[in-house]
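In what follows, a structure is listed as structure tokens, so that the remarks can point back to it.
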Amino acid sequence: MKKIPFVTKEKVQEIVKTYPTPFHLYDEKGIRENARAVKEAFAWNPGFKEYFAVKATPNPCLINILHEYGCGCDCSSMTELMLSEAAGITGNEIMFSSNDTPAEEYEYAAKLGAIINLDDITHIEFVEKILGKLPETMSCRYNPGGVFQMSNGIMDNPGDSKYGFTTEQMFDGYRILKEKGVKNFGIHAFLASNTVSNEYYPVLAKELFELAVRLEKETGADIKFINLSGGVGIPYTPDQEPNDIRLIGEGVRKVYEEILFPAGMGDVAIYTEMGRFMLGPYGQLVTKAIHEKHTHKEYIGVDACAVNLMRPAMYGAYHHITVLGKEENSCDHKYDVAGSLCENNDKFAVDRMLPEIEKGDYLVIHDTGAHGYAMGYNYNGKLKSAELLLKEDGRIELIRRAETPKDYFATLDILPIYSKIKF
Ligand SMILES: Cc1ncc(COP(=O)(O)O)c(C=O)c1O
């Protein structure tokens, strides 16, 4: 499918008069349409709730838009909990799905009334010690080990992943939790990442529903919800077919009716914790070509770098690039599109066929709405960019300002030298 940016060259030329490149731009219209579609796809399940994975895009304005469609927050750390609380999302609208969790974070999650999703059986005692008494509602993260397979092959490798309880630990864990007074139980699992297939959730749901039936029968635990977590992917490359959330919802409904209804568990709520699917396609990194370099390869140097988008450097991930104003030109030039970090992997594209790029051209790097800005860092003292929202009416709203040197040096304010830094 052709990837078309949600901004034009003319719009970017207007935006840069106020907000210089690089910046992350989010598309309010797309976010709302997709959030509505997710809600509709699971409307057959009265308890359905999407807990948006805050780690994907920790911006309160975007979280609040999603909240309008009933989305809560999936938090994994203290600051994500704080952000959720500040956005007015507390209590059982927060799922706290963390791992290797510090005591203070459990304490804070409990204070907010969040649903705690345990990553390990040893955390039962850990949490009990911290809180004095376990909450009435608790969830456990499941990891069956082995490989996760669907009809088109192996999707991921849970046996190699650090997360979750083994099958045996699930049964032991639920018995222990029940003995300790927990009344409402949840099951959670994240077994494959970025699945561009409508099959993932239904296959996962089948496995979890069967487990839920056995768990309830064998431990007497009252399973109230099953959290399919994240992992629903997006088509980063133009040749991929986007997932159809309606088909995914229907697929989950089918296995729900096959497995949970006959077991008398037709009141179990379905939860999700999607990040990438909720916002990935509705964010784009806009950057300007500032240099061209002709050496052993042809390079285009842009004003963004891996600090703004780490996925290509970290995983060799593909992000589609459109040169604004040259959408219809033929892609007859082979480039490495590079940032300015002193790291040779700081490249948004390697050997990519693109239209001829001139200095001053604006490039849109697609699908940066999730795990984009959020993964940024400050190597080479580079500063993180602004986040902007393209409103439905075409206005631009600044939803996070760009970092300044003051932000970068803020943690040196305990040193005498701080007063000598010229801002
Ligand atoms: C516990 C948990 N839930 C949800 C997500 C969101 O995943 P995705 O953005 O792939 O939907 C993640 C991603 O790392 C995660 O670790």
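Numbering of ligands and ligand atoms starts at 1, following listing order. Both backbone and side-chain heavy atoms feed into the values below; hydrogens, waters and symmetry mates do not. Computed from a predicted structure; not experimentally measured.
- Listed by first then second residue, pairs satisfying salt bridge (charged side-chain N to carboxylate O under 4.0 Å, His left out) with a partner in residues 141-154 number zero, not counting sequence neighbours.
- Evaluated for a side-chain contact (heavy atoms from CB on, under 4.5 Å) with Y142, the options E207, Q169, H188 yield exactly one hit, E207.
- Aromatic ring centroids of Y174 and F185 lie under 6.0 Å apart.
- At a 4.0 Å cut-off, not a single heavy atom of N194 sits close enough to ligand 1 to count as contact.
- Inclusion of R141 in the set of residues having an N or O under 3.5 Å from an N or O of ligand 1 is not warranted.
- If you take CZ on F52 and OG1 on T272, they are separated by 11.5 Å, rounding to the nearest 0.5 Å.
- Under 4.0 angstrom from ligand 1, the non-hydrogen atoms of K55 all belong to its side chain.
- Set against the non-hydrogen atoms of M274, the atoms of ligand 1 under 4.0 Å away are 11 (O).
- Ligand 1 has an N or O atom lying under 3.5 Å from an N or O atom of R276, backbone or side chain.
- From M314, atom CE reaches atom OH of Y377 across 9.5 Å, with rounding to the nearest 0.5 Å.
- Ligand-side atoms of ligand 1 in range of A53: 4 (C), 5 (C), 6 (C), range being under 4.0 angstrom from any heavy atom.
- For ligand 1, the atoms sitting less than 4.0 Å from at least one non-hydrogen atom of E273 are 1 (C), 2 (C), 3 (N), 4 (C), 5 (C), 6 (C), numbered in the order shown with element in parentheses.
- Near G230, with a cut-off below 4.0 Å to any heavy atom, the atoms of ligand 1 are 4 (C), 7 (O), 11 (O).
- Which parts of ligand 1 touch H371 is read off a 4.0 Å heavy-atom cut-off, strictly below it: atoms 8 (P), 9 (O).
- The aromatic rings of H24 and Y26 sit parallel, their planes meeting at an angle under 30°, below the 60° perpendicular limit.
- Checked against a 3.5 angstrom limit, the closest N/O atoms of H188 and ligand 1 fall outside it.
- At under 3.5 Å, a nitrogen or oxygen of G231, whether backbone or side chain, sits near a nitrogen or oxygen of ligand 1.
- Checked against a 3.5 angstrom limit, the closest N/O atoms of S229 and ligand 1 fall inside it.
- When the options D222, T137, N92 are evaluated for a side chain to side chain donor-acceptor pair (under 3.5 Å) with N184, the one that passes is T137.
- Judged by the 6.0 Å and 45° rule, R276 forms no cation-pi pair with Y236.
- Residue D74 places at least one N or O, backbone or side chain, under 3.5 Å from an N or O of ligand 1.
- Ring centroids of F148 and Y200 are separated by less than 6.0 Å, placing the two rings close together.
- If you look at F190 next to ligand 1, the close heavy atoms, those under 4.0 Å, all belong to the side chain.
- In this structure, K384 forms a cation-pi arrangement with Y373, its terminal cationic atom sitting closer than 6.0 Å to the ring centre and no more than 45° off the ring axis.
- Close N/O approach between G275 and ligand 1 is found [any backbone or side-chain N/O within under 3.5 Å].
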